[in-house]
Participant: 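What follows is a structure written as structure tokens; I'll ask about it next.
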Amino acid sequence: MSFLQDPSFFSMGMWSIGAGAIGAAALALLLANTDMFLAKSQKAALEYLEDIDLKTLEKDAVTFKAKALWEKNGAVIMAVRRPGCFLCREEAADLSSLKSRLDELDVPLYAVVKEHIKNEVKDFQPYFKGEIFLDEEKKFYGPQRRKMVFMGFVRLGVWRNFFRAWNGGFSGNLEGEGFILGGVFVMGPGKQGILLEHREKEFGDKVNLTSVLEAARKIKPQTSASVEK
């Protein structure tokens, strides 16, 4: 067993272990940047969304069914992952840039949050030009809630989104739950249904604004005759 006394044997062994570790890390990084291991989203049914309980944010909160938001004129609704997140603030500002065109279509803009802590919603409001409501049961983030935790920090797309928002001058904080992914919905009035459903696949995965406007233009406001039916 004289080879055990040969320094080159140990050097080769350490090199092999190191190369194997680097290869495994590279493979893990490669796989983490595919959609293979992302949580799969489940499309929401109109009936599921209609029955969600929402609350107003004032001291004497009022609870109502979510369908009231879009029953007459439809609506664009942002399910905010975390109000203090600078990526969410960026998307809120983007959606708010459509406000004048949505107003022309008589389509309201709303947001829902999953928790109401400290001044988070108040600090989020300057970025969002619509009313905000509380979804305590996190139903807008379902039917199948999807989370992104540590994988988010090794995805190149997430880092691109980080730099994009930073370069845009957005900042935030770490308050609140931020792993349950959000989304954006464009709802038609009555039973017209869900015209657009964007589910955030990773941190900072924003909805396409052109798609939002195209969906909003398909909204057919409820007439008194259609409501009676």
Participant: With sequence neighbours excluded, what pairs up with Lys138 under the salt bridge (Lys or Arg N to Asp or Glu O under 4.0 Å) test?
Facilitator: none

Participant: With salt bridge (charged side-chain N to carboxylate O under 4.0 Å, His left out) as the rule and sequence neighbours excluded, what pairs involving residues 102-111 come up?
Facilitator: Lys99-Asp103

Participant: List for me each residue that meets side-chain hydrogen bond (donor to acceptor under 3.5 Å, both in side chains) alongside Glu131, sequence neighbours excluded, and say none if there are none.
Facilitator: none

Participant: Under the salt bridge (charged side-chain N to carboxylate O under 4.0 Å, His left out) rule, what pairs show up with a residue in residues 156-167, not counting sequence neighbours?
Facilitator: Glu90-Arg164

Participant: Throw together a table of side-chain donor-acceptor distances under 3.5 angstrom for residues 59-70, partners on residues two or more places apart or in other chains.
Facilitator:
{"from": "Lys65", "atom 1": "NZ", "to": "Asp51", "atom 2": "O", "distance (Å)": "3.2"}
{"from": "Lys65", "atom 1": "NZ", "to": "Asp51", "atom 2": "OD1", "distance (Å)": "3.3"}
{"from": "Lys65", "atom 1": "NZ", "to": "Asp53", "atom 2": "OD1", "distance (Å)": "2.9"}

Participant: With sequence neighbours left out, what residues match Arg81 under side-chain contact (heavy atoms from CB on, under 4.5 Å)?
Facilitator: Cys85, Leu87, Cys88, Lys114, Leu181, Glu200, Phe203

Participant: Sorted by first residue and then second, give each salt bridge (charged side-chain N to carboxylate O under 4.0 Å, His left out) pair with at least one member in residues 186-196; sequence neighbours left out.
Facilitator: Glu50-Lys191

Participant: Applying side-chain contact (heavy atoms from CB on, under 4.5 Å), can you list everything that pairs with Glu197, at least two apart in sequence or on another chain?
Facilitator: Lys43, Ala44, Phe185, Ile194, Arg199

Participant: Show the atom names and distances, to 0.1 Å, of all donor-acceptor pairs under 3.5 Å that link a side chain in residues 207-215 to residues at least two apart or in another chain.
Facilitator:
{"from": "Asn208", "atom 1": "OD1", "to": "Thr210", "atom 2": "N", "distance (Å)": "2.9"}
{"from": "Asn208", "atom 1": "OD1", "to": "Ser211", "atom 2": "N", "distance (Å)": "2.9"}
{"from": "Asn208", "atom 1": "OD1", "to": "Ser211", "atom 2": "OG", "distance (Å)": "3.4"}

Participant: Taking side-chain hydrogen bond (donor to acceptor under 3.5 Å, both in side chains) as the test, write out the residues that go with Glu58, two or more places apart.
Facilitator: Thr56

Participant: Tell me which pairs pass salt bridge (charged side-chain N to carboxylate O under 4.0 Å, His left out) where either residue lies in residues 115-127, with sequence neighbours left out.
Facilitator: Lys118-Glu175

Participant: Name all residues meeting the side-chain hydrogen bond (donor to acceptor under 3.5 Å, both in side chains) criterion together with Asp94; count only those two or more places apart in sequence or in a different chain, and write none if there are none.
Facilitator: Lys206

